[in-house]
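Scroll down for the structure; my scribbles are underneath it.
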Number of protein chains: 2
Amino acid sequence: MPVRRSAPTSLDVARLAGVSQSTVSYVLTGSRPISAATRRRVEDAIEKLGYHPNSGARALRSRRSGVIGLMVPEAYGNDAVLMRFVGAIAREAQRFGYDILLVTAQEGARGIHRVVRTGVCEALILMELGRHDERVAAVIEAGLPFVLIGKPVGFPNGSVVDLDFERLGRMVVDRAADEGCERLLLFGEPGHRRHRNDVSRFLLGIEEQAEGTGLEVVLDGGGLPDVPARARDLARGGRRTAVFGLSGVTEVLFATAASGALADPELLTIALTDEDLAAISPLLARIPRIDPRRVEISELAVRELVRLLREDGASPRVTLVEPEWVEQEQEQEQRAEQEQPVEQTPAEHTSTPTS
Amino acid sequence: MPVRRSAPTSLDVARLAGVSQSTVSYVLTGSRPISAATRRRVEDAIEKLGYHPNSGARALRSRRSGVIGLMVPEAYGNDAVLMRFVGAIAREAQRFGYDILLVTAQEGARGIHRVVRTGVCEALILMELGRHDERVAAVIEAGLPFVLIGKPVGFPNGSVVDLDFERLGRMVVDRAADEGCERLLLFGEPGHRRHRNDVSRFLLGIEEQAEGTGLEVVLDGGGLPDVPARARDLARGGRRTAVFGLSGVTEVLFATAASGALADPELLTIALTDEDLAAISPLLARIPRIDPRRVEISELAVRELVRLLREDGASPRVTLVEPEWVEQEQEQEQRAEQEQPVEQTPAEHTSTPTS
DNA sequence: TTGTAGGCGTTATCAG
DNA sequence: CTGATAACGCCTACAA
């Protein structure tokens with residue numbers, strides 16, 4: 001059995017194909033026309049040797065490492081849902097020939113400088129930024145292409161992909177009103193979390209739309225396990241109440257199920273989650289659900305980054321992805337008869353920041 | 001404002017410090033004694049310029065990229081818990097100066113060859129391997145240091161870190177017996193999933209220990225939402241029944257709470273999870289819980305890999321981490337009075353494979 | 001259409 | 001204790 005000391009180089013390929021080393025390189029990069037015959041010989045040699053170009057050398061020479069840095073938020077514990085993003089990002093990056101390198105949020109702006117200066121990453125994706133995040137300044141200063149997942153309030157200085165939280169707020173209010181609710185109970189204390197970009201945009205949508213419909217909005221839902229009791233109090237006297245929150249859906253559904261309040265006709269619980277609730281319990285099968293479209297957001301983020309990388313001088317874009325209603329069959333059919341077809345199809349819209 | 005065309009190199013540092021370029025390198029790698037004065041000047045210059053060594057060049061020359069590949073399983077959807085591992089691995093790797101590059105499982109053995117041949121990764125962590133996984137052969141052939149998270153049955157040809165699933169099985173049986181249960185209901189169809197390494201080791205522990213205690217083990221718990229009803233049937237007639245499963249804890253707890261069976265004194269539900277159940281609902285506060293110690297496993301995996309990387313000719317090790325009981329206060333106190341202190345302290349034990 | 005050659009920034013082997 | 005110097009493997013401008 002032959003002992004392979006180290007990986008074959010482009011020179012090995014060249015020798016086997018009977019061409020010069022640069023020809024191999026040109027075949028690989030495609031930056032120069034190559035005759036079909038030569039290309040064929042080179043490709044065969046590559047295949048035969050199992051050749052892969054050395055990424056260090058390539059990066060050193062071309063300043064392109066083929067690696068995208070992904071800065072993941074600190075709060076792994078609270079947000080196991082993160083893996084949805086990370087997985088989808090890794091797969092999509094793969095499709096375009098990029099690898100994903102994790103940068104922990106705990107490294108902060110220094111981490112960004114590090115991966116940029118060392119040249120490990122040629123582009124960055126940043127997640128869950130705070131309102132005034134030092135990392136945004138860092139990545140702009142670094143001068144790399146980058147995409148933010150999570151839109152800041154106002155116009156950012158770069159590309160953004162995010163759920164349209166303002167629209168989400170309006171969707172929730174509309175649904176509650178349509179279903180004859182007089183109140184909307186928001187759990188997860190959004191009133192105290194306006195400092196978060198997503199929360200403040202969501203509340204903006206909620207408040208704007210509530211004004212139009214006359215729906216009463218209750219911001220302090222109390223602790224998550226107490227939500228069902230709180231909701232029942234509110235619904236007392238036939239005032240139908242909708243319940244919604246940006247986080248902690250599982251906990252609230254749990255508490256609601258345990259309290260028996262899921263069956264209460266005066267309560268309308270709306271869930272924001274990408275989980276198939278019916279699979280957790282048939283009791284949840286009829287709960288109207290909004291999908292936060294994490295996979296789509298991830299894929300769009302990668303594609304936007306690839307655009308910035310490939311198109312020379314491409315300008316940044318803001319892409320907001322529309323939340324998507326997911327209804328169970330029975331309910332869906334019922335509703336289809338009563339309503340005229342509104343724009344049910346989820347969509348994205350894109351804009352260019354003016355700042 | 002000065003325009004920085006590109007990152008400073010070690011030559012820039014050398015000039016500023018008034019030394020040769022190689023001296024800078026020696027200061028950085030520490031592979032040669034340097035006088036305190038020189039080192040000082042060099043370090044100052046590095047600081048002043050914000051210099052970071054170019055990783056491409058470094059990798060090209062030294063064949064060490066400072067990057068560890070992490071092959072994450074395909075099933076992001078089902079296992080949001082994955083992020084616990086990934087986050088902890090990234091942080092621990094960071095501590096030792098390594099970055100984590102994601103390799104999707106969908107790339108399979110080719111993916112391993114790719115990252116090895118290109119030299120992007122100098123070591124690998126593989127998660128959730130199947131019984132006869134092509135990736136193990138690939139990584140062994142590649143000749144890189146590697147660690148598996150998830151122990152195969154029998155002796156692997158490399159380092160492994162995993163939960164001690166056999167012990168977990170015995171712990172569950174012991175607890176059920178201690179609490180006066182006559183039956184143990186295992187949900188998640190473990191009987192049909194013996195092809196999984198963890199499941200088969202778990203069942204081994206269950207069966208061995210059950211033989212000693214005379215506990216009756218029921219393997220087919222039915223679909224997850226049906227578990228509470230099934231358990232109640234079994235518990236009928238005063239035959240106390242314990243309920244446990246390797247996955248789907250949330251779903252089962254949900255269904256149990258909704259059915260009101262959580263209060264049934266004839267049922268003992270034991271959870272395998274790293275979530276704080278009391279935070280989800282006070283109803284869950286008294287459920288005995290076993291922590292799967294994912295963070296510890298992740299950290300140990302990284303440290304084992306670092307050992308393989310640093311210690312020359314280090315031989316592989318198998319490390320099994322002991323599952324840890326986590327009880328709520330009240331119950332903990334009650335139990336403390338009734339029992340003599342058994343080995344409650346979680347521990348790891350390590351062995352060297354003889355294969 | 002193809003070949004030649006210089007250099008990307010480091011590490012590490014020579015000397016001194 | 002420190003300096004010069006030769007690769008590492010690839011890309012690409014320049015020649016042919």
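Naming convention: chains lettered A, B, ... in sequence-line order (proteins, then strands); numbering from 1 in each chain.
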Using the 3.5 Å cut-off, write out each protein N or O paired with an N or O of nucleotides 9-11 of chain D and the distance between them.
unit_1: D:dG9; atom_1: OP1; unit_2: B:Arg63; atom_2: NH2; d: 3.3
unit_1: D:dC10; atom_1: OP1; unit_2: A:Tyr51; atom_2: OH; d: 2.5
unit_1: D:dC10; atom_1: OP1; unit_2: A:Asn54; atom_2: N; d: 3.1
unit_1: D:dC10; atom_1: OP2; unit_2: A:Ser10; atom_2: N; d: 2.5
unit_1: D:dC10; atom_1: OP2; unit_2: A:Ser10; atom_2: OG; d: 2.8
unit_1: D:dC11; atom_1: OP1; unit_2: A:Arg58; atom_2: NH1; d: 3.4
unit_1: D:dC11; atom_1: OP2; unit_2: A:Ser25; atom_2: OG; d: 3.0
unit_1: D:dC11; atom_1: O2; unit_2: A:Arg61; atom_2: NH1; d: 2.5
unit_1: D:dC11; atom_1: N4; unit_2: A:Gln21; atom_2: OE1; d: 3.3

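Using a 4.0 Å cut-off between charged side-chain N and carboxylate O, B:Arg307 and B:Glu304 make a salt bridge. Salt-bridge check for B:Asp44 with B:Arg40: passed, with a basic side-chain N closer than 4.0 Å to an acidic carboxylate O. Between A:Arg114 and B:Asp99 there is a salt bridge, with a side-chain nitrogen of the basic residue lying less than 4.0 Å from a carboxylate oxygen of the acidic one. Using a cut-off of 4.0 Å between Lys/Arg side-chain N and Asp/Glu carboxylate O, A:Arg110 and A:Glu107 are scored as not salt-bridged.
Between A:Leu124 and A:Val116, the closest side-chain pair of non-hydrogen atoms falls below 4.5 Å. You'll find the side chain of A:Phe146 stays beyond 4.5 Å of the side chain of A:Ser159, heavy atoms only.
At least one donor-acceptor pair closer than 3.5 Å links the side chain of A:Glu122 to the backbone N or O of A:Ser65.
Checked against C:dT1, D:dT2, C:dT2, the side chain of B:Ser35 finds its nearest nucleotide in D:dT2.
Mapped onto DNA chain D by nearest heavy atom, B:Arg32 and A:Thr23 fall at different nucleotides, with B:Arg32 at the one closer to the 5' end.
Rounded to 10 degrees, the angle separating the terminal helix axes of the helix from C:dT1-D:dA16 to C:dG16-D:dC1, each built from five base pairs, is 40°.
Between the side chains of A:Ser35 and A:Thr38, a donor-acceptor pair is found at a separation under 3.5 Å.
Put simply, CD on B:Glu122 is 16 Å from C1' on D:dC8, counting in whole angstrom units.
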